[in-house]
Every structure is written in structure tokens, then in C-alpha cells.
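Data block below; observations after.
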Amino acid sequence: MSRIINIESVGKQRTQLTKAVALALRELSRQTSTGTEAQDLAAFIAIALETIAAGIDSSVAAWEKRGYWVKADRFRMDWAWAAPMASQMDAAVKAGDWPNIALLAARIASHLGRVLVSDHHRLGKPWRGAFERMKAE
């Protein structure tokens with residue numbers, strides 16, 4: 001039997017989501033009004049950060065199984081900001097608190113500053129309809 005390789009791993013999803021969040025932050029900074037697209041962008045950032053935070057423990061499980069405790073703890077500490085930022089952004093989007101959304105977006109951008117997204121990316125616009133999905137939850 002051959003080895004089973006999971007091509008849709010949590011790490012790959014996290015990489016795609018961080019690039020999508022970086023792109024959404026770039027687009028959110030260009031918005032001049034608080035219209036539908038701005039709501040979708042902010043909601044997508046909150047949803048993506050929640051997904052990233054939920055996948056941290058499963059990413060670290062393999063390291064802990066092999067006894068790499070320091071590496072696992074360092075990884076958890078590097079991503080410890082994601083869950084609180086996601087919940088704060090979620091609350092701000094639902095409340096329509098745009099000054100706080102702008103502040104949170106700047107703080108999130110500081111954590112994702114080293115994430116590079118090419119101008120010719122293939123991510124599309126994953127934030128479309130995110131505000132409606134957030135309201136449905």
C-alpha cells in the first residue's frame with residue numbers, strides 16, 4: 001500500500017486564508033464608504049480568522065506526538081492573537097462599529113505584515129457574501 005497524502009491540510013488552508021485576509025485588508029483600506037463590499041470584507045476577515053484559530057491545535061498535534069513541545073508552544077504563541085481578534089472583529093461588524101473595525105484591521109495587518117500577495121493572484125474575491133453568512137450563523 002502507498003502512503004495517503006492529504007492535499008487539503010490545515011496548514012495549506014491557513015496559508016490560503018492568511019493571503020486572503022491580507023488581500024481583504026488591502027481592499028478594506030481602499031474603501032471610501034461603509035457599503036456592502038466593506039461589510040463583506042470586514043465579515044470575511046472575522047470568519048477567516050476564526051477558521052485559522054480553530055485549526056491551530058490540529059496543526060500542532062503532529063509536533064506534540066513527536067515530542068516537539070517547544071516548537072508546538074511557539075507556534076501556538078505566534079497565532080494566539082487570531083482568536084481574540086476574530087471575536088473582536090465579529091462583534092464590531094455585527095454592531096456596525098466602523099472606527100473599531102478600522103483599528104482592528106490595522107492591528108491585524110501588523111500581524112500579517114510579512115504575508116505577500118501578488119498583484120496577479122488567483123484568490124478572486126472570497127469575501128463576497130461573507131456578511132450574509134455571518135448574519136446566518
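From a predicted model like this one, the values you see are computed outputs, not experimental measurements.
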Shortest non-hydrogen contact from Ala105 toward Met89: N-CE, 4.1 Å
Check Ala48 against Val21 and note the closest heavy-atom contact, atom names and distance. CB-CG2, 3.4 Å
Check whether any side-chain heavy atom of Phe131 lies under 4.5 Å from a side-chain heavy atom of Thr36, and answer yes or no. no
Are Leu112 and Trp127 connected, step by step, through hydrophobic side chains (Ile, Leu, Val, Met, Phe, Trp, Tyr) whose heavy atoms are closer than 4.5 Å? yes
Is there a chain of hydrophobic side chains (I, L, V, M, F, W, Y, each step under 4.5 Å between heavy atoms) that links Tyr68 to Val60? yes
Shortest non-hydrogen contact from Gly129 to Asp40? N-OD2, 3.3 Å
Take Met85 and His111 through the test side chain to side chain contact (heavy atoms under 4.5 Å, CB included) and record every step on the way to the result. CA-CA 11 Å; Met85 289 285 189; His111 288 287; 4.2 Å; yes
Thr18 OG1 to Ile52 CD1 distance, which is reported to the nearest 0.5 Å: 5.5 Å
Give, for atom CG of Leu28 and atom CG of Leu23, the distance between the pair rounded to the nearest 0.5 Å. 11.0 Å
Could you report the tightest heavy-atom contact between Leu104 and Ala92, atom names first, then the distance? CD1-CB, 4.2 Å
Linking I/L/V/M/F/W/Y whenever their side-chain heavy atoms sit closer than 4.5 Å, directly or via other members, would Leu103 and Val93 fall into one cluster? no
Given Arg14 and Thr51, is the side chain to side chain contact (heavy atoms under 4.5 Å, CB included) satisfied, shown in steps? CA-CA 8 Å; Arg14 184 178 49 254; Thr51 306; over 6 Å; no
What pair of heavy atoms forms the shortest contact from Val10 to Ser59, and how long is it? CG1-OG, 3.6 Å
Applying side chain to side chain donor-acceptor pair (under 3.5 Å) as the test, list every pair that has at least one member in residues 70-81; sequence neighbours left out. Asp57-Arg76, Glu64-Arg76
Provide the full list of ring pair (Phe, Tyr, Trp, His ring centres under 6.0 Å) pairs with a residue in residues 25-49, sequence neighbours left out, each pair given once. none
Under the criterion side chain to side chain contact (heavy atoms under 4.5 Å, CB included), I'd like the reasoning laid out for Met134 against Asp90: C-alpha separation, chi angles, the key distance, then a yes or no. CA-CA 8 Å; Met134 179 182 274; Asp90 185 66; 3.1 Å; yes
Taking atom CZ of Arg30 and atom CG of Leu41, what is their separation to the nearest 0.5 Å? 10.5 Å
Using every non-hydrogen atom in the two residues, find where Pro126 and Ala20 come nearest and quote the distance to one decimal. CG-CB, 4.0 Å
